Amino acid sequence: MAIGFPEGFLFGSATSAYQIEGAAAEDGKRESIWDVFCRVPGAIANGEDGTVACDHYHRHAADVALMAELGLRTYRFSVCWPRVLDGDRVLEAGMDFYSRLVDELLERGVQPWLTLYHWDLPASLPGGWTNRATAERFVDYALTVHDRLGDRVRTWTTLNEPWCSSFLSYAAGVHAPGQTDPVAAVRAAHHLLLAHGWTVQALRAADPSAVLGVTLNFTPALPASDDPADVDVARRVDGTANRFFVEPVFTGHYPADTLADLAPLWPDDLVADGDLAAISAPIDVLGVNYYTTNVFRAGERSAGPTPHISAPDAVQVLRDLPLTDMGWEIDPDGLRNLLLWLHTSYAGPAGTALVVTENGAAFDDRPDPACFVDDQDRIDYLRRHLTAVHQAIEAGADVRGYLAWSLLDNFEWAEGYGKRFGIVAVDAAQRRIPKASALWFRDVARTGAVTKPHETDR
Ligand code: FCB
C-alpha cells in the first residue's frame, strides 16, 4: 500500500560546502573558521578535517549527473564565503565553480537551492559572530553572490541552523570557533538573526520574485514527567533550542520566558532599535531540519560547557526507542507534531510554506565485498519520516518538500568521517556507490509515493 504526495512536492537531497568540497586551499580560497578549528588538537574525531572531503570541488559534474540519475528534483548546497570573497575582493575562480555547478544542475533538470551560510565563516573576520559588523559583512557577501547567481538560482536560504553556529559553537565549544562563553553565544545568536533579517530585506529589494527563507534546526524538548521541575527544564531547553529562533523570525519578539531565563547573560547593548523589525522580515519558506526529539529531567547542574545555557541542569532521558549511530532516538511522530506546531503557530498565519530541508540518519554501513550497501535501516528511517510528513500534510500543514540528508557520506563536523549519513557511499578512492536507500529514494522521487510502513515496523 502506497501513500502519494501532492503534485509538485519536491524530493531532493542536501549537502554543505565544507562537508563535501575539499580543495581547502585552491584557487585563492581563504581560510574559514572550520579550517582553523580542525587543527585544534582533539576538536575533531580522529583528527580529521575537510581538506579533501568528497573532492566535490573537482567532481561536481559527475555528482550532478548522479543526482539526475537518482531522480532528485532539488539540490540544496551551500556556498563557502571565503571561497568567493577575500575581504571585498571577489575570488573569480571560486565564484565560477558555483556558477558551473548551477548550470550543470539546471541542464539536468535539478533545481538549485542555495544556502548562503552553512558554518564556514571567513576566519579573518574579527570576533566572528560575536561582532555585529559580521552581520553587515554578511549582507554584502549575500548581494555579491546573488549578483552572480541570482539570474539562475531562485531559492535562497540565508542561514543553516543558527542554533549550531551560536550556542553549540560559542557556548558548548563543540563547533567552530570552539568558544565556551555563554554571553558570546547570546551575542552570536542575535547577530546571526540580524544577518538573516538584513539579508532578506536586501535580497527582496534586489530580486522581488526570489523565494527567500532560513533553515532552523528543531529538536523538540519534552519533560520526562509531570514534575514541575522536569516541565520547567524542558521549557527552558525548548526556549533556547527552538523558540529563540523561530519566534523572532515570525513575530518580531524573542520569547518572553527565554529572555527572562537569559537575563543574567543578556548584554544591555545587544539589541538596537529596528533589529527585531529586520529579523521578522517576511519569508517565503521556512526550512525545517529534524533528526530527533529529546526528553529531559531536571538534575545536577552540569560542570562543563553546555549549549543549553538556560538549562545547565537538563539531563537527557532515553526512551525505549531505537537509536541511530549518532545515539539519536528515532522518533518520526516528533516530525509530524513539529510540522503541525510550526504550521499552526507561525508559518501558516504568515502564509509561509514549510520544507523539510534536512532529515536522515547515520548508520554504521560500508560497502560489502560486492560493492553494495544494503542499508535497510536507513530506508526504514526515511520511509517512516516521510510517512510522518504525509500525516502532517493530511492534517493541514503546508509542507512543500523533503530533502534527504545527505546525498553523500561526508565530513560530519566534530564527528569526522565516522558518522555516515549518505544515501550514496564514498569510498577511499572517491568512488560514489549508491546505497539501497538511494535506489529506494529514486523510486519515491520518480513516483511521488512512499510504500507505507508495515504495522509491525512501528
Ligand atoms: C545538521 C547539519 C548538517 C549535518 C546534519 C547531520 O545539524 O546542518 O550539516 O551535519 O546535522
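Keep in mind it's a predicted model, so treat the numbers as computed, not measured. Indexing begins at 1, ligand by ligand and atom by atom, following the structure's order.
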Seminar exercise, completed: Using heavy atoms and a strict 4.0 Å limit, residues surrounding ligand 1 turn out to be Gln19, His118, Trp119, Asn160, Glu161, Tyr291, Glu358, Trp405, Glu412, Trp413, Phe421

For this session: Answer with yes or no whether the side chains of Tyr402 and His385 bring together a donor and an acceptor at under 3.5 Å.
Result: no

Problem set entry | Residues in side chain to side chain contact (heavy atoms under 4.5 Å, CB included) contact with Arg39, at least two apart in sequence or another chain | Glu31, Val36

Exercise. Is there a side-chain contact between Ser437 and Tyr381, using heavy atoms and a 4.5 Å cut-off?
Worked result: no

For this session: For this output row, return yes or no: ring centroids of Phe11 and Phe5 closer than 6.0 angstrom.
Result: yes

Exercise. Is the side chain of Glu48 donor-acceptor paired with the backbone N or O of Tyr417 at a distance under 3.5 Å, no angle test?
Worked result: yes

Exercise. Is there a side-chain contact between Ile309 and Tyr170, using heavy atoms and a 4.5 Å cut-off?
Worked result: no

